[in-house]
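Here's the structure, in structure tokens; my notes come after.
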Amino acid sequence: MLYVIGLGLGDEKDITLKGLEAVKKCDKVYIEAYTSLLSFGLSSNGLSSLEELYGKSLIVADREMVEEKADDILSEARESNVAFLVVGDPFGATTHTDLVVRAQKLGIQVKVIHNASVMNAVGLCGLQLYRYGETVSLPFFTDTWRPDSFYEKIQSNRVLGLHTLCLLDIRVKEPSLESLCRGKKQYEPPRYMTINTAIEQLLEVEHSRGQAAYSEETTCVGLARLGSDDQMIVAGSMKELLGVEFGAPLHCLVIVGKTHPVEEEMLEFTVLRKHREAYRTQEK
């Protein structure tokens, strides 16, 4: 049996009882380490906390292991119980969908155990989930690569009055271009896009496109470390949010569409007034 188990968004205690029961009866337990991040990361201390609660040793599965050595994981699942732990919900990333499909094609039994993910936890900001349009991913720009295909999706959502959830880039164990050219992989330090960087890139694309899909006055909501005790949620214009320090990852951003009165009332509570007052002081 292959168990694909969501861990939720916060710490080791966010796993469901059903998920924990499944982990405890598995012979091997993998934890993915590239599509998202638990609040305490996957340092040795973080892994120890997970292993202590779950009563199992964990194998950290990076992108290369999952995408290039999935056959090994599936071979083990054919002979024994194997757990694959996913931060958030199992189907928050396409790689995990591919793993499930491959297992089913091989006749391996699969059991999926769901949990909270950013896709539903984002409702905490007060914007109603059924009023969201297509979700977009914002990649890090480089000197030579500045993709903007997300722009049309945001524009389409805005025309329909829908909110847009922007998932921000995570770069974990990514080989550097120089090392690939030399034929020997060397990995860049982990990078997690901030809300501030996301807004800067969004405004750059708007400036180059000039189609008025949004502007620096467009209301947005910045969310950091959803599900953790120190989560931070701030509503304001893009210009205002550029002046807010959101702290440690992970971050995401919502571009607000047409709002219902109840949503507007909730957003008023979401605005951290100390940040808005600080911004106004800077303006003066």
Side-chain angles (χ1 to χ4, degrees), residues 118 122-129 131-171 191-226 231-284:
V118 65
V122 72
L124 182 62
C125 74
L127 298 175
Q128 297 167 5
L129 291 177
R131 296 176 64 86
Y132 279 77
E134 186 171 358
T135 298
V136 303
S137 296
L138 303 184
F140 276 114
F141 284 177
T142 69
D143 293 338
T144 57
W145 189 63
R146 308 180 91 74
D148 60 0
S149 59
F150 54 81
Y151 185 84
E152 284 84 3
K153 296 176 182 178
I154 296 174
Q155 187 176 45
S156 177
N157 288 345
R158 298 276 292 166
V159 168
L160 295 171
L162 301 175
H163 314 309
T164 305
L165 172 60
C166 303
L167 302 178
L168 310 189
D169 202 1
I170 298 172
R171 309 283 292 178
R191 297 172 63 202
Y192 305 95
M193 185 182 288
T194 64
I195 291 162
N196 315 79
T197 297
I199 291 174
E200 288 171 356
Q201 293 188 179
L202 284 165
L203 291 175
E204 177 184 322
V205 171
E206 177 56 59
H207 180 73
S208 64
R209 290 292 194 100
Q211 297 174 24
Y214 49 83
S215 73
E216 63 179 17
E217 299 303 327
T218 298
T219 300
C220 293
V221 183
L223 305 100
R225 300 173 301 284
L226 267 179
Q231 66 185 9
M232 184 175 177
I233 305 173
V234 186
S237 67
M238 285 189 174
K239 188 175 182 180
E240 288 174 324
L241 294 188
L242 279 174
V244 176
E245 175 54 58
F246 284 91
L250 291 173
H251 295 184
C252 64
L253 179 73
V254 177
I255 302 174
V256 179
K258 185 177 180 180
T259 52
H260 184 276
V262 174
E263 292 179 306
E264 293 171 7
E265 189 174 5
M266 281 292 291
L267 285 180
E268 280 300 311
F269 287 102
T270 305
V271 174
L272 292 191
R273 289 172 176 79
K274 64 179 181 180
H275 290 292
R276 176 152 286 182
E277 291 303 318
Y279 172 79
R280 287 172 178 165
T281 301
Q282 290 173 5
E283 287 284 280
K284 292 177 183 177

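As a basis for the values below, the full set of heavy atoms in this structure was taken, side chains included, without hydrogen atoms, waters or symmetry mates. One is the number of the first residue; the rest follow in order along the sequence.
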field: Approximate separation, where rounding is to 0.5 Å, of Met232 CE and Glu245 CD
entry: 7.5 Å
- request: Please check if the side chain of Asn196 supplies one atom and the backbone of Val244 the other of a donor-acceptor pair under 3.5 Å.
  value: yes
- prompt: Are Phe150 and Val205 close enough that some pair of their side-chain heavy atoms sits under 4.5 Å apart?
  reply: yes
statement: Cys125 and Tyr132 have their tightest heavy-atom pair at SG-OH, 3.9 Å
- prompt: Can you list the steps and then say if Leu253 with Leu241 is a side-chain contact (heavy atoms from CB on, under 4.5 Å)?
  reply: CA-CA 10 Å; Leu253 179 73; Leu241 294 188; 4.2 Å; yes
field: Interatomic spacing from CG in Leu138 to CD1 in Ile154 - rounded to 0.5 Å
entry: 6.0 Å
query: Which pair of heavy atoms, one from Ile255 and one from Cys166, lies closest together, and at what distance?
result: CD1-SG, 3.9 Å
Residue pair Asp148 / Arg209: nearest heavy atoms and the distance that separates them: OD2-NE, 3.1 Å
message: Just verifying a value: how many Å separate Glu268 CD and Glu265 CD, rounded to the nearest 0.5 Å?
response: 9.0 Å
message: Nearest 0.5 Å, please: how far is CG in Leu162 from NZ in Lys153?
response: 15.0 Å
Side-chain heavy-atom pair Leu242, Glu200 within 4.5 angstrom cut-off: yes
- prompt: Rounded to the nearest 0.5 Å, how far apart are CG of Leu165 and OG1 of Thr135?
  reply: 4.5 Å
query: Does the side chain of Leu267 come within less than 4.5 Å of Leu127's, by heavy atoms?
result: yes
- prompt: Quick one: do the Glu206 and Tyr151 side chains pair a donor with an acceptor below 3.5 Å?
  reply: yes
message: By the side chain to side chain donor-acceptor pair (under 3.5 Å) test, which pairs, at least two apart or in different chains, include something from residues 247-263?
response: Arg131-Glu263, His163-Glu263, Thr259-Glu264
message: Could you check whether Arg171 makes a cation-pi contact with Phe140, meaning its NZ or CZ is under 6.0 Å from the centre of the six-membered ring and within 45° of the ring axis?
response: no
Non-hydrogen atoms of Ala198 and Leu168 that approach each other most closely: CB-CD2, 3.7 Å
field: Point-to-point distance, once rounded to the nearest 0.5 Å, from CG of Leu250 to OG1 of Thr194
entry: 12.0 Å
- prompt: Which heavy atom in Pro139 sits nearest to a heavy atom in Gln201, and how many Å separate them?
  reply: O-NE2, 2.9 Å
- prompt: Can any side-chain N or O of Asn157 pair as donor or acceptor with the backbone N or O of Glu134 at less than 3.5 Å?
  reply: yes
message: I'd like to know if the side chain of Arg158 reaches the main chain of Tyr214, judged simply by a donor and an acceptor atom lying under 3.5 Å from each other, with no hydrogens or angles considered.
response: no
query: What are the two closest non-hydrogen atoms of Gly247 and Arg225, and how far apart are they?
result: C-NH1, 3.5 Å
